[in-house]
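Labels below follow one simple rule: chain letters A, B, ... track the order of the sequence lines, proteins then strands, and each chain is numbered from 1. Just so you know, these numbers use all the heavy atoms, side chains as well, and skip hydrogens, waters and symmetry mates.
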Protein chains: 2
Amino acid sequence: MIREGVLKPGERLPSERLLAEQLQVGRSSVREAIRSLELRGLVVSKRGSGTFIATDDLGSMVSLIASTLDGGSESLKDIFEMRHLLEPQIAAVAAQRATQAEIEDLSEILSDQDRQISDGGSGVDADTAFHFALASATHNSALVKVVSAVEDILHQSRDQSMQAPGRASRSLASHRRILQMVRAGDGDGARRAMEHHLTVVEPANIAAHHDGAGTVSESQETHGLHGLRPLEETDGG
Amino acid sequence: MIREGVLKPGERLPSERLLAEQLQVGRSSVREAIRSLELRGLVVSKRGSGTFIATDDLGSMVSLIASTLDGGSESLKDIFEMRHLLEPQIAAVAAQRATQAEIEDLSEILSDQDRQISDGGSGVDADTAFHFALASATHNSALVKVVSAVEDILHQSRDQSMQAPGRASRSLASHRRILQMVRAGDGDGARRAMEHHLTVVEPANIAAHHDGAGTVSESQETHGLHGLRPLEETDGG
DNA sequence: GTTTGTCAAGTGGTCAGACCAATTTCGGAT
DNA sequence: ATCCGAAATTGGTCTGACCACTTGACAAAC
C-alpha cells in the first residue's frame, strides 16, 4: 500500500489529512494504516509534528517480536531452548566480526556487571546488555532483533533466579571467558564458552525438558505486554 | 489492560461500542487498541460477528515476526545467515524429538516435492513446508514461529532462484538425507545434513557476500556489510 | 543585530455521530 | 420442524469537530 514510495529514514510523511485526500479515503483508514506501520516499528508519529520514517528504532521491533514470541509462561522453556541453540552460534559469529569498538563495549559492560554485583545487585541489566551487545557484534540485524526479543522475555525471570548466591559472579566469570574468545577472534572457542555459560550458569531457572507437562508456574504472568491502551513513546528523535 | 480478565480462546469480546462506553473513551480509541491487539495476533475481528480471542493462529504471529524481521532487501542476507545458524540446530533437535507421525508427515512432504518437481515445478512450496514441518517436530513453539517467519520471508526469493536446473532435485535429495537422519534419531547427522543442504543447495540465491555472484541487482547490495567476513565455519560440533 | 515573547497554522490524538456491509437473531409463514 | 426475511448487532469506514502539542513566523524588547 504505502510501501510503494521508497522513503528515506527520518523523512516526514504527508499529513494524515492530506494523505486521506490523496488516496480518496477517510482519515480513519489512513490512521489505521499508519498505526499498523507504527506498530511494526516502521514509522513513528509525533503529535504536533508529523509522522516520520523510523530511523532504526530497534526497540519497538524487539518488543513486537517479544510479545509475539511470548505465548505465556508455558513457552518460557521454549524460549530458553531457542536461546541455547542460537546464542552459541552468535558468539561464534561475533568473535569473527566484532570490531575493536564493540569489544571495548563488551568490556565496558562487564565492568558494569562487576560493579553491580559488588553493590549487591544481581547484575541482570548488565547481563542482558552483554548478550545484546554480543548479538550486535554479529552485524546481523535479524539476529539482533531475535536475540533482543529473547533476552527481553527472559529478563524478568532471570531477575529472580539470579538471587542464588554465587550465580551472579559465575555469570560474570563466564561472560569474561566469552569476551576473551571474542577478543581472540576464536569463533569456536566463543561458541563453547557461550554454551558453557548457558549450560552451567543460566539454565537452572527452568531446567525442565520436553518430557513432562507443566513444571511452570502460571502465576508468572509478568510479561510487559501493553494492553488495550496504546503506549505513548517519548521518542526524542 | 484486557489482560486482567483472563479470557479463554475463542471467547467474544464486548462490542466496540459497549467497550467504548464502559471505558469512557471514544470508539476510535477502542478500535485502535483492538487493532493493535489484532496486529499482534492476539485477537481476530469479524465484521458483523464480533471480536474474538485468537485461538492459536500461528499464521498471524508468523507474518508479524516476518514483517518485523524483513527490513527490506538489505537484510535478506541477514535472514539467510540466521537460518544457517538456526536450522541445523533445529534439525538436530527435531531428530531427537520427532514422533512417528511427524516423520511420516515429513516423508509425505518429500513425496509432494518429488511430484511437484516431476510436474516441472520448482517445488518451493513443498520445500518451505519441509522446513516448517521440521521445526514443528522440535515441539518448540518459539522455534516454529521464528523459522516460519524466516521461511516466509525467503519463500519469494527462493521461488526465483529455484529455477536453476538441477537445484530442485538436489534440494530434494538433501531433504531426503535430512529426513533419513531424523528417522534414525541422529541429531548430529541431521545437523550436518541440514548444514550441507543450506551450504550447497540453498545459499547460492543470494550468495553475493563479497565475491560478487551477480544474481542480485547492484543497487540493493550496497548497504550491507562493508568488510565483514562471511561465516565459513564447518562447525566441529 | 540578536534575543525573546506571542500567536497562528499545522499535526497527530481523540471524540461523536452517521452510514455501510456482513452476520447473527428471531419471529412468522409454510 | 423447516425455511425465509426483516430487524438488530457488529466491525469498517467516513465525516467533521475539538484538543494538545509542535513549529515557525512575526513583532517587541534588548
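Atom CD in B/E21 sits roughly 13 Å away from atom P in D/dT9 (whole-Å rounding). B/K46 has its NZ atom 16 Å from the C1' atom of D/dT9, to the nearest Å. Following rounding to the nearest Å, B/L37 (CG) and D/dG11 (P) show an atom-to-atom distance of 13 Å. Here C/dG13 presents its P atom at 19 Å from CG of B/L23, a figure rounded to the nearest Å. When the P atom of C/dT11 is taken as reference, atom CG of A/L19 falls 11 Å away, rounded to whole Å. Rounding to whole angstrom units, CD of residue A/E32 and C1' of C/dG13 are separated by 14 Å. As a whole-Å value, the separation of B/Q24 CD from C/dT14 C1' is 14 Å. We find that CD of B/E16 is positioned 14 Å from C1' of C/dA16, with the value rounded to whole Å.
Here the side chains of A/L18 and A/S15 are in contact, with some heavy-atom distance below 4.5 Å.
Ring pair B/H175/B/F130 is parallel by interplanar angle, where below 30° counts as parallel and above 60° as perpendicular.
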request  = For each nucleotide in nucleotides 19-24 of chain D, reading 5' to 3', give B when a protein heavy atom comes within less than 4.0 Å of its base, S when such contact involves only the sugar-phosphate, and - otherwise.
outcome  = -BBB--

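The salt bridge (charged side-chain N to carboxylate O under 4.0 Å, His left out) test applied to B/D112 returns B/R115, not counting sequence neighbours.
End-to-end axis angle of the helix from C/dG1-D/dC30 to C/dT30-D/dA1, from C1' rotation axes over five pairs per end: 10° (rounded to 10 degrees).
Rounding to the nearest 0.5 Å gives a distance of 9.5 Å between CG of B/N140 and NZ of B/K145.
Closest non-hydrogen pair, A/A91 versus A/V182, comes out as O-CG2, 4.4 Å. Minimum interatomic distance between B/T138 and B/A135 (heavy atoms only, all atoms of both residues): OG1-O, 2.5 Å. The two residues A/S171 and A/D127 make their nearest non-hydrogen contact at OG-OD2, 2.8 Å.
For the pair B/Q89 (side chain) and A/L85 (backbone), a donor-acceptor distance under 3.5 Å is present.
A salt bridge links A/R83 to A/E151: one of the charged nitrogens lies within less than 4.0 Å of a carboxylate oxygen.
OP1 or OP2 of C/dG12 has at least one side-chain nitrogen or oxygen of A/T51 nearer than 4.0 Å.
Nucleic acid contact class of A/S29 (heavy atoms, under 4.0 Å, all strands): sugar-phosphate only.
Side-chain proximity of B/R27 to D/dG12, C/dG12, C/dC15: nearest is D/dG12. Comparing C/dG12, D/dG11, D/dG12 by their closest approach to the side chain of B/R35 singles out D/dG12.
Toward the 5′ end of DNA chain C lies the nearest nucleotide of A/R31, the other residue of the pair A/R31 and A/S28 mapping further downstream.
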